[in-house]
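What follows is a single structure, written as structure tokens, with notes after it.
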Amino acid sequence: METGSGMAAGVNLDHLNAAQLEAVTTTTGPVLVIAGAGSGKTRTLVYRVAHLIAEGVPPEKILLLTFTRKASQEMLWRAGRLLDETCNRVVGGTFHSVANLLLRRYAATLGYPSSFTIIDRADAEGIVNLLKSSLGLGKKEKRFPSRRVLVNMISGSVNRSIPLVDLVEAQYSHLLDHLDEICSLERHYHEFKFDHGLMDYDDLLVNWKRLLAESEDARRAIAGRFSHIMVDEYQDTNLIQAEIVRLTAFGHDNVMVVGDDSQSIYSFRGADFYNIMRFPKIFADTRVIKLEENYRSTQPILTLTNELIDKAEEKYTKTLFTRIAGELRPMLFAGRDDREEAAFVVATVKRLLAEGQEPQEIAVLFRSGFHSYKLELELAAAGLVYEKRGGLKLTESAHMKDMIAFFRLLCNPFDGLSWNRVFLQLEKVGPATAQKIAATVAAHPEPIRALAEYPAGKSWRESFAGLVRLFTDLDPEQQRPVELYARVRDYYQPVFERLYHDDYPKREKDLDQLPGIMAGYRHLQEFIDDTSLDPPEEAGDTAAGLARLVLSTIHSAKGLEFETVFVIGLAEGRFPHPAAEFGPGWEEERRLLYVAATRARKNLYLTYPRQLLTPDRQFRWVGLSPYLAELRPGLFVRVDGPDGEEQIRPVRPPPLAVPPTAGPGRHQRQELSDFVVGSRVSHPFFGNGVVTKLVGGRSLDVHFDRHGLRTLHLDYARLARI
DNA sequence: GCGTATCGCGTTTTT
DNA sequence: CGCGATACGC
């Protein structure tokens, strides 16, 4: 193998450091790269691809799995700069999009249904809702779980690949009385999806895994297709995804995964950062490489973020350093309310723009979508254009879903949900009638014929006939997607104007965008898949390439970086999210703040309102977010508003009154008195160690054989005596 | 019982 | 903005 010189068969590896170079040139066997924020994770992966291709590995044998679509696009774009068109042949994408591809390709030959439509979360909720009412579990029943909780439970049980019953017991013990109803609901939910050829996001992964695990032919076919597998953001994978990686690498173990345990923020979706820990156990002879140099932020920013994450209870010991000079300390601003907070952001943005900063290099980040409403108003008033990420997608708006429902039906006429949607658009047809027709039509072996033969009601016969005519006219085999669009739009236009009469001109812009998007597709199915898996962005002015300021939830900003970052809403009650309980949830919120702050290259502004509007329309005085309040002073500079008399008062971080059942899957509470200094204990993350000190307050110090001294808290360190 | 219009309220995070 | 509740008319 050629290293050292920096040139490997034409790829210049000069600006990788020694650790990265080792990761990149390790051409066989499993590699785990533990890398801090801004340490060049993605770059390392891109170089690895380039290196492999330069060494003669066919690009189509490389599988590159990323977590978000944006990340995979960015990665392939970067690879393109090293490799020209060769990189287009690399198989890359999110777990979900690759699952879709493979299932369509292989599922049929192996006895799984290959004709399916992908449904999003809202549709899943819709089904659950439908079933709830048909099972007689009315909304009136207060003690029965809400729709949202149910959907979370159902998808959560799949995501974590644990039986629903156990999940209810562990997390929703107050629902134990309703276990039978919930289990029957889950069964009905799966039957409904199966009967209508629908797959939710979790099904994609579960079926991919089943394909690999249950059929040797499939495993051979799929695993044999790839010789090298790479996964970015490995800490965001759940158990199913980890299994998929293991099974796909079957026979060669050429896996390189990159991850940072401090950036694990997706546990609500079943992600488990212990996957990183388990990796060396699953793959023998794993090479573990640590990247600790940060190439993104200045030292003052890094000092703050290091300290922030240092307070976390469980993490790999990893202290980032940088060689980037910079004196500017992060700034903290307290506004009287969220209006004043917004005004500060607007004024500062204006100043930065005047100083010549590019708008797309400025980002405002927040915990929840609605935290930015005030700011959006202020920005609009100041005439500043912005791009909002996270929250509602273009294809999630009602009018777009209406339109797409027609196309979905052309691909999968058994899709009862879409039928329902289409019938609801008819005048004089409401939920009850729509559901009845949809059920009849979707159950028929030839749905389109069933539609034509359906006995329409008197009051809606006319409009129903129009719908029938539309479907007999449309022919997905003969007409191109754009042609289909024209015909559907003709039908939908009057419906649309009636349904959304208050604001239809605004919504119409979205519909006009569709043909442009559809023109790029030869087959309707691909268009449908892409709109479910990768919703197109709202075009607006992007076509003109107008650079815009970025407003984003922290989750959607993951993996990105900006010259200037504002993190707003850093107040008690906003950050952490009030529902985050003491324990793992609390720690995840901390990591979330860490992710937000580490997006910044040069300028970091932290802001919060001192006053918040509570649900009961009262103003409540709130303090700084506990994560910042507990930091030692001097890490940031206060640039307070007019009445900056408030001192940073330390806030006790954990609400200690929380019941001790918080620990996941634990049934008895452990007491400090259960442990004595000198006794051996074991921890799922750190391994074995010796208790060295009982700190009090339910904390104790343990010296671990492999990880040194750690302070652990009994309420969520899963500690066992041995 | 069903369909439609209107008002008021609350909003985690996402593939 | 999307929803649930509510009232009204068929």
Side-chain angles (χ1 to χ4, degrees), chain A residues 65-72 93-100 118-122 124-126 129 138-140 146-149 151-152 155-156 158-159 199-205 208 233 236-238 240-241 264-271 365-373 376 388-393 396-399 401 423-424 426-436 457-460 498-503 506-507 529 532-535 552-558 569 573-580 585 588-589 591-593 595-596 613-617:
Chain A
L65 292 167
T66 55
F67 207 64
T68 59
R69 186 69 189 208
K70 260 218 155 54
S72 85
T94 61
F95 274 91
H96 290 81
S97 64
V98 174
N100 181 38
I118 301 160
I119 57 171
D120 63 18
R121 211 187 120 109
E125 282 186 21
N129 230 6
K139 295 159 196 167
K140 296 267 152 38
S146 74
R147 196 183 71 250
R148 190 167 296 261
V149 169
V151 173
N152 276 341
S155 65
V158 176
N159 248 333
M199 267 205 211
D200 63 24
Y201 285 125
D202 296 326
D203 292 330
L204 283 170
L205 296 185
W208 182 3
E233 308 278 16
D236 289 331
T237 55
N238 60 28
I240 294 179
Q241 288 163 322
S264 160
I265 54 174
Y266 279 107
S267 73
F268 65 90
R269 205 170 52 192
L365 308 181
F366 33 86
R367 173 69 247 259
S368 311
F370 71 96
H371 289 172
S372 67
Y373 285 176
E376 289 176 54
K388 192 174 176 182
R389 297 181 190 165
L392 241 73
K393 303 281 181 303
E396 281 166 6
S397 52
H399 51 290
K401 283 194 136 186
F423 296 138
L424 262 178
L426 298 172
E427 215 169 353
K428 304 284 175 204
V429 174
T433 320
Q435 213 187 106
K436 219 167 79 190
K458 215 176 203 158
S459 52
W460 41 276
R498 176 174 57 83
L499 249 41
Y500 306 102
H501 53 87
D502 342 311
D503 59 345
K506 211 170 78 192
R507 293 170 184 251
D529 287 350
S532 335
L533 288 169
D534 175 29
S552 172
T553 60
I554 298 170
H555 284 90
S556 314
K558 185 147 192 222
R574 286 216 152 163
F575 215 129
H577 187 275
E588 177 148 323
E589 297 285 312
R591 293 193 295 270
L592 196 53
L593 180 54
V595 168
L613 200 60
T614 58
D616 47 335
R617 296 195 153 278

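Order of the sequence lines sets the chain letters (A, B, ...), proteins ahead of strands, with each chain counted from 1. What you see is a predicted model, and the numbers here were worked out from it, not measured in a lab.
Partners of D529(A) according to the side chain to side chain donor-acceptor pair (under 3.5 Å) rule, which considers only residues two or more places apart in sequence or in another chain, are N100(A), R104(A), Q525(A). Listed by chain and number, the residues in a side chain to side chain donor-acceptor pair (under 3.5 Å) with N238(A) are N159(A) (sequence neighbours excluded). Residues satisfying the ring-ring contact (aromatic ring centres under 6.0 Å, His included) criterion with F268(A), sequence neighbours excluded, are Y266(A), H555(A). Scanning for ring-ring contact (aromatic ring centres under 6.0 Å, His included) contacts around H96(A) gives Y201(A), with sequence neighbours left out. Residues satisfying the side chain to side chain donor-acceptor pair (under 3.5 Å) criterion with S532(A), sequence neighbours excluded, are absent altogether. By the side chain to side chain donor-acceptor pair (under 3.5 Å) test, T237(A) pairs with N275(A), sequence neighbours left out. Judged as a ring-ring contact (aromatic ring centres under 6.0 Å, His included), and not counting sequence neighbours, the contacts of F423(A) are W419(A).
Rounded to an integer number of Å, the gap from CZ of F370(A) to C1' of dT12(B) is 8 Å. The nearest whole Å value for the distance from the CD1 atom in I265(A) to the P atom in dT14(B) is 9 Å. Note: NE2 (H371(A)) to P (dT13(B)) measures 8 Å, nearest angstrom. Residue Q241(A) contributes atom CD, which lies 12 Å from atom P of dT15(B) at whole-angstrom precision. Per the geometry, CH2 belonging to W208(A) stands 13 Å off C1' belonging to dT15(B), to the nearest Å. Rounded to whole Å, the distance from CZ on R269(A) to C1' on dT14(B) is 5 Å. Between N100(A) atom CG and dT15(B) atom C1' there is a gap of 12 Å when expressed in whole angstrom units. In this structure, I119(A) places its CD1 atom 16 Å from P of dT15(B), rounding to the nearest Å.
Stem list for DNA chain B (at least 3 consecutive Watson-Crick or G-U pairs, distances under 3.5 Å): B:1-10 with C:1-10.
The side chain of T94(A) sits closest to dT15(B) out of dT15(B), dT12(B), dT11(B). Of the candidates dT15(B), dT11(B), dT12(B), dT15(B) carries the atom nearest the Y201(A) side chain, counting heavy atoms from C-beta on. Taking every side-chain heavy atom of E589(A) into account, dT12(B) is the closest of dT15(B), dT14(B), dT12(B).
In this structure, the side chains of F67(A) and T94(A) stay at 4.5 Å or more apart for every pair of heavy atoms. Looking only at side-chain heavy atoms (C-beta outward), D236(A) and K558(A) come within less than 4.5 Å of each other.
Along DNA chain B, the nucleotide nearest H555(A) and the nucleotide nearest A432(A) are compared for position; the residue whose nucleotide lies closer to the 5' end is A432(A). Mapping H577(A) and A434(A) onto DNA chain B by nearest heavy atom places A434(A) at the nucleotide closer to the 5' end.
Heavy-atom minimum distance, R574(A) versus R367(A): O-CG, 3.6 Å.
For dT13(B), the base is stacked against the aromatic ring of F268(A), per a cut-off of 5.5 Å between centres and 30° between planes.
Using a 4.0 Å heavy-atom cutoff across all strands shown, F67(A) reaches sugar-phosphate atoms only and no base atom.
Between dT14(B) and S556(A), a contact under 4.0 Å exists linking OP1 or OP2 to a side-chain N or O.
With hydrogens and angles left out, the side chain of R367(A) and the base of dT13(B) share a donor-acceptor pair within 3.5 Å.
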Look for any protein N or O under 3.5 Å of an N or O in nucleotides 4-7 of chain B and output each such pair with its distance, or none.
| residue | atom | partner | partner atom | Å |
| --- | --- | --- | --- | --- |
| dT4(B) | OP1 | K428(A) | N | 2.4 |
| dT4(B) | OP2 | V429(A) | O | 3.4 |

